[in-house]
Every structure is written in structure tokens, then in C-alpha cells.
Amino acid sequence: MNNVRQFGAAGDGVTKDTAAIQKAIDAGGMVYFPAGTYLTGSIYLKSGGGLHLDPGAVILASPDREDYNRDDFCPQNTAFSIESVSGAHLIVAVEQSCVTITGTGAIDGSRGAFYPDCQDRTEIYSTPIPWRPGQMLYFCECHDVTIEGVRLLNAPYWTCFLHGCENVIIRGLHIYNWKYTRNGDGIDIDCCRFVTVTGCIIDTGDDAITLRGYDLPLKKKRKCEFITVTGCILKSTCNAVRIGVGSGTVRAAVFSDLVVHDTRCGITLCSKYSPDSGVLIEDIQFRNLYMECSNPLRILINSGRATGPALQPIRRISFSQIRSRGLFGAMIIGQAPGDISDLNFTDWQISCSEIPGGGKERVSENSPSPAAFYLKNVSGACFRQVSLQGKRLPEDVKVVSAVNCSGIVLRECMAPNGSMETESAC
């Protein structure tokens with residue numbers, strides 16, 4: 001390994017070590033960081049190499065704009081000005097192969113250097129941000145990527161972004177962002193294939209894990225497919241898992257053995273976030289999940305902020321062995337009949353806590369009758385062994401309430417009053 005100290009890095013947290021780190025990377029192979037704090041701007045990983053961080057080693061992001069890449073440093077790079085963010089990154093790999101980040105040290109994005117602490121989400125989204133870097137780790141159109149063991153802390157925007165990559169292993173990461181970090185996602189997997197995420201603990205100010213289909217900037221258009229996420233603990237002020245964004249395809253993914261806690265929404269699938277785009281979402285499985293969150297599930301064709309016709313459907317989504325505890329139930333809303341189809345729910349125990357105001361409010365927002373699952377414009381959904389529990393729920397609460405739907409089947413579903421719902425509904 002190339003020891004960064006031997007290439008001139010000070011590791012004192014004050015001296016800028018960017019040039020020394022890059023020199024060690026350019027020498028080829030793995031770069032070794034002994035204990036110390038290495039202040040740096042953008043560094044660029046090369047094929048056949050990477051970074052190894054010893055315990056006590058910290059790569060610390062520079063607070064100075066001039067230390068980062070330009071927004072147009074590669075054609076695939078995007079600066080989302082609508083989110084008050086640049087296209088700058090701390091660690092960069094573009095069109096490289098066999099790149100690795102390992103160890104038990106930390107990579108710290110210095111969020112506090114770019115905007116102040118705020119007391120709630122409203123304040124942070126209304127406070128102007130003069131400038132901040134974009135995704136802290138940026139891997140674009142790379143092959144054979146491994147990120148293992150390290151702590152990823154205090155990103156000023158998304159933490160780890162994989163765009164158009166193939167053959168990716170993410171294992172044993174601890175990702176922490178302050179809960180009011182603006183757009184502080186954990187892991188964003190966009191138009192990638194053959195990705196495994198295992199054994200990670202993620203605590204973020206925005207979505208913990210996302211699958212996206214934004215293929216417009218890529219040289220080679222790819223679907224986001226063949227993804228597994230398993231054995232992770234997730235916490236988010238937004239969504240633990242979010243699927244959507246872009247105009248491509250997200251398909252063939254499995255989420256299993258997850259624990260979600262202290263989170264606003266456990267799972268969100270949304271095809272359409274902008275006026276002229278929509279993501280085809282199909283063949284996604286969720287199994288063996290425990291969730292403590294306000295809302296366990298939202299499946300939406302339209303986020304409510306987008307206009308124009310829906311472009312892509314959501315179909316063949318299955319859920320099994322789910323235990324969820326929270327305030328509200330699930331919401332599944334299509335924009336037109338049948339644009340959400342072929343859903344399967346098996347062995348889901350959903351518990352709603354005491355409803356505010358004495359228990360007369362609806363369990364699901366916009367539901368014409370109180371129910372654990374509110375469906376609108378859905379074609380084909382089967383509920384097997386789904387049960388609803390909760391304190392002070394309305395006496396007429398049901399497991400499922402369906403509006404303008406077809407092919408909705410309930411089998412051995414139990415309401416809180418002990419009644420069994422086994423008939424078909426529409």
C-alpha cells in the first residue's frame with residue numbers, strides 16, 4: 001500500500017493534504033491512511049486501487065470551494081440547482097474499474113462548514129445556502145466497486161451516489177447525517193446493475209436508501225436492476241427506502257431483513273416526481289421487515305408536485321412477513337385506473353397507535369372510510385393474512401378500503417374488532 005504520509009500528507013486536520021493524497025493515488029494500487037485527520041478537497045480514484053482507512057483515520061472535507069472539482073469536470077456530472085447544490089464531490093471515480101474503499105476509519109463531509117444547524121426541517125429548507133458540495137462519494141459508470149467498513153459522516157448533501165455502475169458491493173457501512181441535513185440521503189443507487197448492500201447502519205436527514213432511474217446524463221443508458229438490500233438498520237426523517245425519480249426503469253430488486261425505526265415513512269414508491277418524467281417500477285420484493293414509523297408504506301404514481309399525464313406504471317410489487325407499528329396506515333394511489341397493478345401482501349401485521357383527537361380521524365389520509373390500507377385506481381391486489389391492531393380505532397375500521405379499483409382480494413384478513421375479512425372487494 002502507498003502510505004499517504006510518505007507522499008507528504010500531514011494528517012493534522014489543518015494542512016491541506018489534497019495534493020499528497022492524489023499523488024499517492026496516482027502512484028497506483030491502494031492508498032493507506034494511518035490514524036490522523038486528512039483535510040482535502042476533491043480526490044480522484046483510479047482503476048485497480050482505492051483507499052484503506054485505519055482506525056482513527058479521518059478524511060475531512062475542505063470548507064473551501066476552490067478545493068473541489070468544477071461542475072462540468074465530466075459530461076455525466078449534474079448540479080441540481082433547484083436543491084441549492086453544486087456538482088462538486090469529495091471522492092470521485094468516473095469510468096474506473098476495480099476501485100475500493102475499505103477500513104474502519106471515517107470520511108467526514110464537514111456539513112457544518114456549508115450551512116448552520118437549524119431546529120427543524122422547515123427552517124433548514126428555507127435558509128439560503130450560498131454554496132455546498134454535491135454528493136460526497138461519487139461513482140459514475142464504474143465497474144467492480146467495493147465500499148466496506150468505513151464510517152461516512154456529515155455529508156452536506158447525498159452521502160454515497162452510484163450512477164450507472166455495475167458489480168457493486170457495499171458492506172458494513174455506518175452512515176450518519178444530522179437529522180435536519182438538507183437532502184441528506186444515505187445511499188443513492190441510480191441506473192446501476194448487480195448491486196448488493198448488506199449489514200449497514202444508516203441514520204440520515206433524508207432518504208436512507210434510494211433506487212433511481214435517472215439515465216439522461218449517462219453515456220450508456222442502463223436500467224436500475226438486480227439489486228439486493230439486506231440486513232440493514234435504517235433511520236430517516238423522510239423515507240427509509242424510496243424508489244423512483246427519473247424517466248428510466250427500476251426493476252428486479254429485493255429488500256429483506258431490514259429494521260426501520262424513528263422514521264417518517266418506511267417505504268415509498270413513486271413513479272413521477274417532475275412534469276415530464278416517470279419511472280417504470282416493477283418486480284420489487286420486500287420481505288421480513290420490522291418498521292416503527294409514522295407511515296409504513298406509500299405507493300404513488302404522482303408525488304402531488306408533478307403535473308401532466310403519468311408516463312410509467314408501478315406493477316408486480318410484493319410484501320411478505322412485515323411487522324409495522326406507527327400512527328397511520330398505508331396509502332396506494334394511482335392517477336388513472338390500473339396504472340398501479342399486481343400487488344401482493346402476505347403476513348403483514350400492521351399496528352396503528354392511538355389516533356390523535358380521540359380516535360375518530362381516518363387511519364389513512366384521504367381515505368373515505370377508515371382502513372389500514374387505502375387503495376385508489378389499483379388493478380389487482382391480494383391481501384393474505386393481513387391483520388390490523390391499534391388502540392381507540394374507529395369501530396368500523398377495516399383492513400382495506402378501495403376506491404375505483406378492480407381485482408382486490410382479501411383472504412384471512414383480521415380487523416381490530418375481531419371480524420374476519422375474507423370477501424373480495426372492489
Side-chain angles (χ1 to χ4, degrees), residues 170 186-189 192 195-202 207-213 224-236 238-245 249-271 279-301 313-326 328-334 340-351 364 372-375 378 380-388 399-400 411 413:
I170 298 175
I187 300 173
D188 291 81
I189 301 167
C192 296
V195 179
T196 66
V197 179
T198 59
C200 296
I201 300 173
I202 304 176
D207 306 320
I209 296 178
T210 78
L211 303 187
R212 301 160 51 95
C224 190
E225 60 182 352
F226 309 126
I227 314 293
T228 67
V229 178
T230 187
C232 297
I233 300 173
L234 310 177
K235 175 183 176 182
S236 169
C238 197
N239 304 292
V241 175
R242 188 184 78 168
I243 299 176
V245 178
T249 297
V250 179
R251 63 176 300 276
V254 176
F255 294 82
S256 65
D257 303 315
L258 305 181
V259 173
V260 175
H261 68 105
D262 298 316
T263 292
R264 189 174 73 180
C265 186
I267 302 165
T268 292
L269 284 71
C270 182
S271 169
V279 178
L280 170 62
I281 301 173
E282 63 182 9
D283 299 311
I284 312 293
Q285 296 182 26
F286 297 88
R287 61 176 183 249
N288 197 25
L289 273 59
Y290 179 83
M291 300 189 290
E292 293 183 356
C293 48
S294 295
N295 297 82
L297 172 67
R298 297 186 305 164
I299 303 178
L300 310 171
I301 283 292
I314 300 174
R315 60 197 182 198
R316 298 192 299 274
I317 313 298
S318 67
F319 304 85
S320 63
Q321 295 179 289
I322 311 294
R323 303 294 180 265
S324 64
R325 303 176 63 86
F328 299 110
M331 183 187 306
I332 305 171
I333 302 177
I340 298 176
S341 64
D342 298 322
L343 308 180
N344 196 297
F345 302 85
T346 302
D347 186 16
W348 187 321
Q349 294 180 10
I350 180 170
S351 176
S364 299
F373 292 83
Y374 171 59
L375 281 63
V378 174
C382 185
F383 295 81
R384 298 182 181 91
Q385 298 177 333
V386 176
S387 63
L388 169 62
V399 174
V400 175
R411 298 174 179 169
C413 295

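All values derive from a computational prediction rather than experimental measurement.
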Inset, instruction - Answer yes or no: is there a donor N or O on one side and an acceptor on the other, between the side chain of Thr263 and the main chain of Gly266, under 3.5 Å? - result: no

So, taking the atom named [atom1] in [X] and the one named [atom2] in [Y], what distance separates them when rounded to the nearest 0.5 Å?
X	Y	atom1	atom2	result
Arg287	Ser320	CZ	OG	7.0 Å
Phe345	Ile317	CZ	CD1	9.5 Å
Ile350	Phe373	CD1	CZ	4.5 Å
Ile322	Met291	CD1	CE	6.0 Å
Met331	Leu297	CE	CG	10.0 Å
Arg212	Arg242	CZ	CZ	6.5 Å

Side chains of [X] and [Y] in contact at under 4.5 Å (non-hydrogen atoms):
X	Y	result
Asn239	Arg298	yes
Val241	Val229	no
Asn344	Arg384	yes

Inset, instruction - For the pair Ile267 and Leu289, evaluate side-chain contact (heavy atoms from CB on, under 4.5 Å) and give the outcome as yes or no after the intermediate values. - result: CA-CA 11 Å; Ile267 302 165; Leu289 273 59; 3.8 Å; yes

Closest heavy-atom contact between [X] and [Y]?
X	Y	value
Cys224	Leu211	SG-CB, 4.3 Å
Ala240	Leu234	O-CD1, 3.8 Å
Pro296	Cys293	CA-SG, 3.8 Å
Cys200	Ile170	SG-CG2, 4.0 Å
Ser236	Cys238	OG-N, 2.8 Å

Inset, instruction - Going by the side chain to side chain contact (heavy atoms under 4.5 Å, CB included) test, name the single residue among Val279, Ile284, Ile227, Thr210 that passes it with Ile243. - result: Ile284

Legend entry - Passing option when Ile332 is tested against Ile314, Leu269, Leu343 for side chain to side chain contact (heavy atoms under 4.5 Å, CB included): Leu343

Inset, instruction - Output yes when Arg264 and Asp207 qualify as a salt bridge under the 4.0 Å nitrogen-oxygen rule, no when they do not. - result: no

Inset, instruction - Considering only NZ, NE, NH1 and NH2 on the basic side and carboxylate oxygens on the acidic side, decide whether Arg315 and Asp342 come within less than 4.0 Å. - result: no

Legend entry - Greater than 12 external heavy atoms within 6.0 Å of Arg323's CZ: yes

Inset, instruction - Let me know which of Tyr290, Phe383, Phe319 forms a ring-ring contact (aromatic ring centres under 6.0 Å, His included) with Trp348. - result: Phe319

Inset, instruction - Decide side-chain contact (heavy atoms from CB on, under 4.5 Å) for Cys232 and Ile202; before the verdict, give the C-alpha distance in whole Å, the side-chain angles of both, and the deciding distance to 0.1 Å. - result: CA-CA 8 Å; Cys232 297; Ile202 304 176; 5.6 Å; no

Inset, instruction - Begin from the C-alpha positions of Leu375 and Val400 and carry the test side-chain contact (heavy atoms from CB on, under 4.5 Å) through to its verdict. - result: CA-CA 7 Å; Leu375 281 63; Val400 175; 4.3 Å; yes

Inset, instruction - Kindly determine whether His261 and Ile233 satisfy side-chain contact (heavy atoms from CB on, under 4.5 Å), including the steps that lead there. - result: CA-CA 8 Å; His261 68 105; Ile233 300 173; 3.9 Å; yes

Legend entry - Intermediate values then yes/no, side chain to side chain donor-acceptor pair (under 3.5 Å), Thr230 and Ser256: CA-CA 5 Å; Thr230 187; Ser256 65; 3.1 Å; yes

